[in-house]
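Read the structure below first, then the notes.
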Protein chains: 2
Amino acid sequence: MSSGTPRTGGPVPKYERLRRALAAAIGALGDDAALPTERELAVQHGVSRATVRQALEALEAAGLVYRVQGAGTYVAPRTVAKTLSLTSFSEDMRAKGLTPGSRVVVVGEAAADHDEAADLAVGTGTPLLRLVRVRLADSAPMCVETSRLVAARVPGLAAMDLTGSLYALLAEHFEIRPRRADQAVRSVVTGEEQSALLGIASRSPALRVDRVSYDERGAPVESTTSLYRADRYEIRFAVHREAP
Amino acid sequence: MSSGTPRTGGPVPKYERLRRALAAAIGALGDDAALPTERELAVQHGVSRATVRQALEALEAAGLVYRVQGAGTYVAPRTVAKTLSLTSFSEDMRAKGLTPGSRVVVVGEAAADHDEAADLAVGTGTPLLRLVRVRLADSAPMCVETSRLVAARVPGLAAMDLTGSLYALLAEHFEIRPRRADQAVRSVVTGEEQSALLGIASRSPALRVDRVSYDERGAPVESTTSLYRADRYEIRFAVHREAP
DNA sequence: AACCCCAATTGGTACGTACTTAAATGGATA
DNA sequence: TATCCATTTAAGTACGTACCAATTGGGGTT
């Protein structure tokens, strides 16, 4: 298996298929509509109750349903926001129904400074590939994004077409798949250069998102700093509170 | 479950106690250290493997461990950020090691405007309790927070001590416990009045967080708009990518 | 030494059972 | 009519078994 391509195909588990079926069925129901009981669903779909519960837990975590002990499982009232997940700019824009694009501003190698080295878990001075792009949504500037990767891990990346999804390139050519990321969101005002790239007045408000993404082993793969136009972008997400 | 088992264990489920025990044990381990196998943990703690898995799933969701099929379960490398969860300002500050406080600016009833009514799922003009507070961290202004609740649901709240945690008051006196919220984060610049309240220059950058929180039934309970000083606050959180 | 294959290990999926706890129901009672 | 309580129903917890899928490591081959 090591030499071949780790095709992620394979059989889709029952609970996952049930989850999708229920998610689709929920779309046709109204807010607070009761779903069949767990035991009924088990019989209807020919699976065990444990499998039904696995599917329902996923739906509950996604905010699609809520469950009340002794009562039943119900369709959660629709809201705009979805649970926050790790997405690239391209995926993010497509999810909003916009066409993503890029204009490459800078691409080249540079030695890691102290902070970059710490983020990527390498020594200071390690060669990094630094990529600065103006990200476009429907051809209009949305943000300036600076990406940094350990150069040795992505040989030849600088010569590829960097106007599309970086995550797609990483997966296709280097088997690098970010699975987790830590993000910090701040409010800042833009400087001269950034304002010009974004096509806005200098000292405009902007949302700055610093992200370090990690692969399935927890090894850092990319550090990104994004500067979003405040007038065109906001972050929406759902949060939950634990049981007590 | 043998009959001799002391039933004084309390209402805390086994998987939850195991989760806490493991979370504590993990603190003493290094990054990427291997945990015992699921079957070993089951024997060690006298529970079934299913219960062990339930505890590990919670730890994985919280970003404390990662699991590799065929290999084992490992301590996730520490990072600053935790998974985002629904917290009040008071809880948020205490988690950062700061002492929260408040100065009430405005408290009173007002009719819901169109947006507020939509957020709280009531009719326009419904009486709302509107509460504006300057939230303090170690006695210094951190944000201006405007909370809105349906007045009929919280009779007498306006007369209570509103300098502490609103969530605590809601739980204690009205059995209202927010479980979920939708948030929108934007970058803005402060106006005259807000700047004065925060003790910063006018037209300073700020993080604006709009939140609508819901109870366990999905009914909206509170709408909040918070304006955080950009120089003193940032939002940190971890995001995950689903297995493609 | 390098490579490949197989077996053991380990987490992932799926089933079954049994019981507990909380909510809803409906009938008896005040 | 209104209230209380026992019953029923539902999700929550916990155990056990079995097998699948991916990784790892050892042993044999090249």
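None of these values were measured; they are calculated from a predicted model. So you know, we letter chains A, B, ... as the sequences are listed, proteins then strands, and number each from 1.
D:dA11 atom P lies 9 Å from atom CG of A:Leu35, rounded to whole Å. Going from atom OH of A:Tyr66 over to atom P of D:dA11 covers 13 Å, rounded to whole Å. Protein atom CD of A:Gln54 is 12 Å distant from nucleotide atom C1' of C:dC15, rounded to whole Å. Atom CD of B:Glu40 and atom P of C:dA8 are 18 Å apart (whole Å). The nearest whole Å value for the distance from the CD atom in B:Glu38 to the C1' atom in C:dT9 is 12 Å. Straight-line distance from the CZ atom of B:Arg19 to the C1' atom of D:dT13: 16 Å, rounded to whole Å. Put simply, CG on A:Leu56 is 14 Å from P on D:dT13, counting in whole angstrom units.
Sequence order on DNA chain C of the closest nucleotides to A:Tyr74 and A:Val47 puts A:Val47 first from the 5' end. Residue whose closest nucleotide on DNA chain C sits further toward the 5' end, between A:Ala71 and A:Lys14: A:Lys14.
Taking 4.0 angstrom as the limit, A:Thr51 places a side-chain polar atom (N or O) nearer than this to OP1 or OP2 of C:dC15. Side-chain nitrogen and oxygen atoms of B:Tyr15 include none within less than 4.0 Å of the OP1 or OP2 phosphate oxygen of D:dA14. Neither OP1 nor OP2 of D:dA10 sits under 4.0 Å from any side-chain N or O of A:Thr73. For B:Arg53, no side-chain nitrogen or oxygen approaches OP1 or OP2 of C:dG11 to under 4.0 Å.
Proximity of B:Thr224 to B:Asp210: side-chain heavy atoms (C-beta onward) are nowhere separated by under 4.5 Å.
Taking the charged nitrogens against the carboxylate oxygens, B:Glu16 and B:Lys14 have no contact shorter than 4.0 Å, which rules out a salt bridge. Between A:Arg211 and A:Glu222 there is no salt bridge, since none of the side-chain N atoms of the basic residue sits less than 4.0 Å from a carboxylate O of the acidic one.
Put simply, CG on A:Leu56 and CZ on A:Arg67 are 5.0 Å apart, with the number rounded to the nearest 0.5 Å. How far OG of A:Ser90 is from CG of A:Leu98: 12.0 Å, rounded to the nearest 0.5 Å. For the atom pair CZ of B:Phe237 and CD of A:Gln183, the computed distance is 4.5 Å after rounding to the nearest 0.5 Å.
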Could you list the protein-to-nucleotides 17-21 of chain D atom pairs, N/O on both sides, closer than 3.5 Å?
unit_1 : atom_1 : unit_2  : atom_2 : d
D:dA21 : O4'    : B:Gln69 : NE2    : 3.3
D:dA21 : N3     : B:Gln69 : NE2    : 3.1

In sequence, state the C-alpha distance, the side-chain angles, and the governing distance for B:Ile176 and B:Leu149, and then conclude on side-chain contact (heavy atoms from CB on, under 4.5 Å).
CA-CA 11 Å; B:Ile176 294 177; B:Leu149 300 104; 5.7 Å; no
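Annotation: the terminal axes of the helix from C:dA1-D:dT30 to C:dA30-D:dT1 meet at 10°, where each axis is the rotation carrying the C1' atoms of four end pairs onto the next four (5 pairs per end, rounded to 10°).
For the pairing with B:Ser223, the side chain to side chain contact (heavy atoms under 4.5 Å, CB included) check across B:Asp119, B:Leu128, B:Asp115, B:Thr146 returns one residue only, B:Asp119.
Counting only residues at least two apart or in different chains, salt bridge (Lys or Arg N to Asp or Glu O under 4.0 Å) contacts with residues 42-51 of chain B comprise B:Glu38-B:Arg49.
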